[in-house]
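A short write-up of the structure that comes next.
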Number of protein chains: 2
Amino acid sequence: MKLEEAIKSNKFKNETQKAALNVLYTAWWLKTNMSKGLKEFGITHEQYNVLRILKGKYPDQICVRDIACRMIEKNSNVPRIVDRLEIKKLVKRTTSQLDKRETVISLTHAGILLLEASTKSIDHTMETVTLLTEIESIQLNKLLEKLRSSER
Amino acid sequence: MKLEEAIKSNKFKNETQKAALNVLYTAWWLKTNMSKGLKEFGITHEQYNVLRILKGKYPDQICVRDIACRMIEKNSNVPRIVDRLEIKKLVKRTTSQLDKRETVISLTHAGILLLEASTKSIDHTMETVTLLTEIESIQLNKLLEKLRSSER
DNA sequence: TTAATTTATATGTATATACACCTATTATTT
DNA sequence: AAATAATAGGTGTATATACATATAAATTAA
């Protein structure tokens, strides 16, 4: 579906404005597809993101601040996302002994199992849904980074 | 900033997976920049989106359902966004006389003024921040629509 | 014409974003 | 060493997303 159909408008100032809206719409579309796949595992897209970050460092522990700076959405409220993962017993919280201000988070066995199963499912969903060749993907990555090149 | 730096990871399955994450991160980045610009006008990014949709049809009125299907994020809870715009007296709600189930929304004079001022500001922000040429933007739009081509 | 179904909107709940502020702990300064 | 500043994480509030359900009005079927 073209963007024009998706948002029922073709009044764009220029192609750049359209591209910005297209990025926003595509992100919403990707998130929706991911969430659908995660539903059977009882976790949200953001909770999955935190589990993935923990896995990336496993078996090392990682503090809340380090999780936060690895999140895609930088304003995520990590303590609260961890709350929900803790209730489901997918992660464990411990106060760091080196610095008692820090809370270190680690995956539980249940967390590892759930992450493995959901990753398999999500990877499959994303492959089915994201129809780009490797070359096109490289091109897209370049354009997105050019778009953001005003970022300091 | 490259995606690797932004999310402190370079463990991507392939370029397509990286592209999907890059779209999500770029969308967050764009929204953040937009929100910063809208702050002085006291409205959120989503409230601005609704005002823009109303302007697109002005002076025709438009019902809640028609706003919803024009939103970028299709699961937006339009009645609630309209609640907030109504409190600020930027829009007016009326029950349609032709179909009493429908609520038609229209911009107030204050809404029009605020929209004009904020659009000026937002357009400027987006131009400063989104560094793509017209040609690159066309290319990006094509790639995003290819990415989503599994959409039915 | 009444009953059943569909549609438009509103509302409730869980989770998330965005951001301000609080508290405990650590680091720095005087 | 005591006072001050900085840092990590938690918590409160407003708004949003996501989705289920409720309610009123309109449409369709019996």
Side-chain angles (χ1 to χ4, degrees), chain A residues 24-25 27-51 61-88 90-91 93-105, chain B residues 24-25 27-51 61-88 90-91 93-105:
Chain A
L24 295 179
Y25 177 70
W28 171 81
W29 185 83
L30 282 169
K31 274 199 215 177
T32 302
N33 277 295
M34 274 189 75
S35 296
K36 258 185 242 163
L38 287 172
K39 222 170 173 180
E40 62 171 306
F41 300 99
I43 56 171
T44 66
H45 168 254
E46 295 70 21
Q47 291 169 15
Y48 177 75
N49 199 2
V50 169
L51 292 179
Q61 288 188 319
I62 178 166
C63 70
V64 172
R65 207 187 57 84
D66 285 347
I67 296 174
C69 78
R70 285 173 170 76
M71 295 291 283
I72 291 177
E73 320 223 344
K74 298 299 175 197
N75 291 313
S76 293
N77 200 330
V78 177
R80 225 111 60 172
I81 298 177
V82 170
D83 284 349
R84 272 138 220 159
L85 293 170
E86 203 180 19
I87 289 167
K88 291 175 213 161
L90 301 173
V91 303
R93 262 187 171 111
T94 336
T95 301
S96 165
Q97 285 314 304
L98 290 92
D99 184 339
K100 283 175 189 151
R101 289 171 303 183
E102 284 185 355
T103 302
V104 285
I105 317 293
Chain B
L24 295 179
Y25 177 69
W28 171 81
W29 184 85
L30 281 170
K31 273 198 217 180
T32 302
N33 277 295
M34 273 189 75
S35 295
K36 259 184 241 164
L38 287 172
K39 222 171 172 178
E40 63 171 304
F41 300 99
I43 55 171
T44 66
H45 168 254
E46 294 70 20
Q47 290 168 16
Y48 178 75
N49 198 1
V50 169
L51 292 179
Q61 289 189 318
I62 177 166
C63 71
V64 172
R65 206 187 59 83
D66 285 347
I67 295 173
C69 76
R70 284 172 170 76
M71 295 292 282
I72 291 177
E73 322 223 344
K74 298 299 177 196
N75 292 314
S76 295
N77 201 329
V78 177
R80 226 110 61 171
I81 298 177
V82 170
D83 284 348
R84 269 133 223 164
L85 292 171
E86 202 180 20
I87 288 166
K88 290 175 214 161
L90 301 172
V91 303
R93 262 187 170 112
T94 335
T95 301
S96 165
Q97 284 315 302
L98 290 91
D99 183 340
K100 282 176 190 151
R101 290 171 305 181
E102 284 184 356
T103 303
V104 285
I105 318 293

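Chain naming here is simple, since letters A, B, ... match the order of the sequence lines and numbering starts at 1 in each.
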> dT9(C) P sits how many Å from Ile62(B) CD1, rounded?
Replying inline: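 Those two atoms, CD1 and P, are 10 Å apart.
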> Could you state the CZ-C1' distance from Arg65(B) to dA8(C), rounded to the nearest angstrom?
Replying inline: 8 Å
> Quick one: side chain to side chain contact (heavy atoms under 4.5 Å, CB included) partners of Thr32(A), sequence neighbours excluded?
Replying inline: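 By the side chain to side chain contact (heavy atoms under 4.5 Å, CB included) rule, Thr32(A) matches Trp28(A), Lys36(A).
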>> My understanding is that only residues two or more places apart in sequence, or in another chain, count here; which of them pass side chain to side chain donor-acceptor pair (under 3.5 Å) with Asp99(B)?
In response: Arg101(B)
> Can you list every salt bridge (charged side-chain N to carboxylate O under 4.0 Å, His left out) pair that touches residues 63-75 of chain B, not counting sequence neighbours?
Replying inline: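 The answer is Lys31(B)-Glu73(B).
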>> Protein within reach of the bases, or only the backbone? For nucleotides 14-27 of chain D, mark each nucleotide 5' to 3' as B, S or -, using heavy atoms under 4.0 Å.
In response: -SSBBB-----BS-
> Taking only residues at least two apart or on different chains, which pairs with a member in residues 76-88 of chain A satisfy side chain to side chain donor-acceptor pair (under 3.5 Å)?
Replying inline: Gln47(A)-Lys88(A), Asp83(A)-Arg93(A), Glu86(A)-Arg93(A)
> Partners of Phe41(B) by ring-ring contact (aromatic ring centres under 6.0 Å, His included), sequence neighbours excluded?
Replying inline: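 In terms of ring-ring contact (aromatic ring centres under 6.0 Å, His included), with neighbours along the sequence ignored, Phe41(B) is linked to no residue.
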